[in-house]
Number of protein chains: 2
Amino acid sequence: MTYDSAFSALACGTRRAILRDLAGSAKTVGLLAQTLPVSRPAVSQHLKVLSDAGLVTVTPKGTRNLYALNPQGLAQVRAYLDEMWSDALTAFAAAAQDMAQETPSNDEN
Amino acid sequence: MTYDSAFSALACGTRRAILRDLAGSAKTVGLLAQTLPVSRPAVSQHLKVLSDAGLVTVTPKGTRNLYALNPQGLAQVRAYLDEMWSDALTAFAAAAQDMAQETPSNDEN
DNA sequence: TCTTACGGTAAGTAATGACTTACGATTCTG
DNA sequence: CAGAATCGTAAGTCATTACTTACCGTAAGA
């Protein structure tokens, strides 16, 4: 999994809709296509993107393929944002402190 | 902020590099462009995308513009993934339970 | 075996995206 | 006021993407 592939996968609304559908339970391609406003091949292509990004898993069941969310992939993306978020907070706090030091208690304008 | 704009913004490596640069402290456009392998106008365009996505804030300082991470925007994206992640875990657990019920202690194949 | 269901892939298209260089607007400085 | 610095925007280009229809392989059922 790369951050490029993961975030690119999440950038498309159709793929996020697919993930939302899979959040309840694992589903086949045709079943997903029925609830979506795009063709079945389109769903198939989206699922390949999601699979390459490590966000979903596939398990063949006879002639049909069962797709499910991959908690590991989601966890990695989550971890990335967690780190950046904490950095943002510390930088935010540092900036606030700098601001306070520039105008210490009395503002001279 | 829309999830479309936020994830699309995060999908580009150059923009993630910009966010990483901003994680330390707020910076100007030219300063960011110096450390990146793209032109300054490119950085300016990326910053507009990040700003529209709510991931970055701007504060004009004379002729230069100071860009900083926006913790709120990052928090929203984080919340989205958090929800989907928990759903993925419950679905995962439910699938495991179904699997166990289909082959109860002895597997008949 | 023949047929049917299911799904991946090929090929083509219209739209979007990530860049570049060139230019214009605005604000400090001498 | 003149010049320089900083930045946003316009315009153009090449690559990628999100779809479509058409086709092919493969597993289940009569």
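Under 4.0 Å is where a charged nitrogen must lie from a carboxylate oxygen, and between Asp87(B) and Arg20(A) no such pair does.
Each ring pair (Phe, Tyr, Trp, His ring centres under 6.0 Å) pair with one or both residues in residues 1-27 of chain A, not counting sequence neighbours, appears once here: Tyr3(A)-Tyr80(A), Phe7(A)-Tyr80(A). For residues 30-55 of chain B, the set of pairs meeting the salt bridge (charged side-chain N to carboxylate O under 4.0 Å, His left out) definition, not counting sequence neighbours, comprises Lys48(B)-Asp52(B). Within the structure, side-chain hydrogen bond (donor to acceptor under 3.5 Å, both in side chains) contacts touching residues 62-77 of chain B (residues at least two apart or in different chains) do not occur. Residues in residues 66-86 of chain B take part in these salt bridge (charged side-chain N to carboxylate O under 4.0 Å, His left out) pairs, two or more places apart or across chains: Arg78(A)-Asp82(B), Asp82(A)-Arg78(B).
In 5' to 3' order, the nucleotides of DNA chain D bounding all contacts with chain A (an atom under 4.0 Å from a heavy atom) are dA18(D) to dA28(D).
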Stepwise side-chain contact (heavy atoms from CB on, under 4.5 Å) check, Leu47(B) with Val29(B): CA-CA 8 Å; Leu47(B) 286 168; Val29(B) 179; 3.8 Å; yes
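Between Val43(A) and Thr14(A), the closest side-chain pair of non-hydrogen atoms is not below 4.5 Å.
Dashed line: the shortest gap from a side-chain N or O of Ser39(B) to OP1 or OP2 of dT21(C) is not under 4.0 Å. The shortest distance between the side-chain N/O atoms of Arg15(B) and the OP1/OP2 oxygens of dG17(C) is not below 4.0 Å.
No engagement by Ser8(A) is indicated, since no non-hydrogen atom pair under 4.0 Å with the nucleic acid exists.
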How does protein reach along nucleotides 5-10 of chain C, written 5' to 3' as B (base within reach of a heavy atom under 4.0 Å), S (only sugar-phosphate), or - (no contact)? -BBBBB
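Between the side chains of Thr2(B) and Ser5(B), at least one donor-acceptor pair of N or O atoms lies under 3.5 Å.
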